[in-house]
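Take a look at the structure below.
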Amino acid sequence: MPAVEPAAVSWFKGYLTPDEQRALTARCLEFLNGPAGGYVPTVRGGGRMRVRMVCLGRHWNALTYRYEATRADHDGAPVPPVPEEFVRLASRIAQDAGFDVAPDVCLINEYGPGGRMGLHQDKDEGRASIEAGLPVVSISLGATARFLFGGLKRRDPVEAMLLESGDAFVFGGPARLRYHGVSRIVAGTAPPALGIDGRINLTFRRY
Ligand code: SIN
Ligand code: MN
C-alpha cells in the first residue's frame, strides 16, 4: 500500500537521476528506432500529429481512439509488452503519489523542435480504470516542454508548466480527466548526455 495519501496531482521535479535518464532514453530510442518503431499518427479528421509515437502493452489507435493489440491504423504490427523495468518504475512513481497501481500501457511520444500536442483528455482507457481515477504517470526526457494543464472542461483556464528532463508528473483521482497538452518544446534544453535534441515523453496508464 502507498505510504502517502493519494494526491490528485503530483509533480516530482528531477525524479530521475542523470544516469536513469540516460538509460531510459536509450531504451525508448530502441523502441522508437527499432522494427515497428515510432510513426506519426494521423488522427480522425485527417490531421497528422506533431509527435512520433510508439505504444507498448496496447496500441492506441489514433483513428478510432481505441486501444488494441495491433497497429491497425498504421502497419498492423503487433504491440510489444511493457518491459518489466518500465512497469516497476511507473508503479514506484504512482506509489510516491499515493496510488497503488501497476500500469499496463505505455505510450512513448517523441517531440522534435516543432513538436506539440493539442489540449485533450486521456479518456480512452477502460471505464473501471477511469472511474477509479487510476492515474496517468508521465516521465519527461530531453528538451523542456511547455505543458498545459487545464480543468475538466476544455474552456477551463490552463496553467503552463515547464516539464524538464527527469521530471515525473502524475494526475489521478479527481484530476484524472483534466485537459492537458504540450504547446511547445524549448530548443536547446536537452541534457547533452542524453544524445537527443528533442523530447521524449512516456505516459503510463492502467487500461
Ligand atoms: C500526453 O498527453 O499524452 C503527452 C503529454 C506530454 O508529452 O507531456
Ligand atoms: Mn494525454
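All ligand and atom numbering here is 1-based and tracks the order in the structure.
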Take atom CD in E5; do more than 12 heavy atoms of anything else shown fall under 6.0 Å from it? no

With a sphere of 6.0 Å drawn around CG of D197, does it hold more than 12 non-hydrogen atoms of other residues, nucleotides or ligands? no

Considering only the protein, which heavy-atom contact is closest to atom 7 (O) of ligand 1, and what is its distance? Y111 OH, 2.4 Å

Ligand 1 atoms in contact with H180 (distance to a heavy atom under 4.0 Å): 2 (O)

Minimum-distance protein heavy atom relative to atom 1 (C) of ligand 1: M117 SD, 3.5 Å

Nearest protein heavy atom to atom 8 (O) of ligand 1, by residue and atom, and its distance? R199 NH2, 2.9 Å

Answer yes or no for R44 and Y65: cation-pi contact, defined as NZ/CZ to six-membered ring centre under 6.0 Å and angle to ring axis within 45°. yes

For E125, is there any backbone N or O sitting under 3.5 Å from a side-chain donor or acceptor partner on S129? no

Please confirm whether the backbone N or O of A36 pairs with a side-chain atom of D75, one donor and one acceptor, at under 3.5 Å? no

Here the atoms of ligand 1 under 4.0 Å from any heavy atom belonging to V182 are 6 (C), 7 (O), 8 (O)

Please determine if R199 forms a cation-pi arrangement with Y111, meaning its NZ or CZ atom is less than 6.0 Å from the six-membered ring centre and no more than 45° off the ring axis. yes

Could you tell me which atoms of ligand 1, counted from 1 in the order shown, lie closer than 4.0 angstrom to a heavy atom of F147? 8 (O)

Any N or O of H120 that comes nearer than 3.5 Å to an N or O of ligand 1? yes

Restricting H120 to its N/O/S atoms, the closest one to the Mn ion (ligand 2) is NE2

Do F149 and F169 have ring centres separated by under 6.0 Å? yes

Closest D122 atom to the Mn ion (ligand 2) [N, O or S only]: OD1

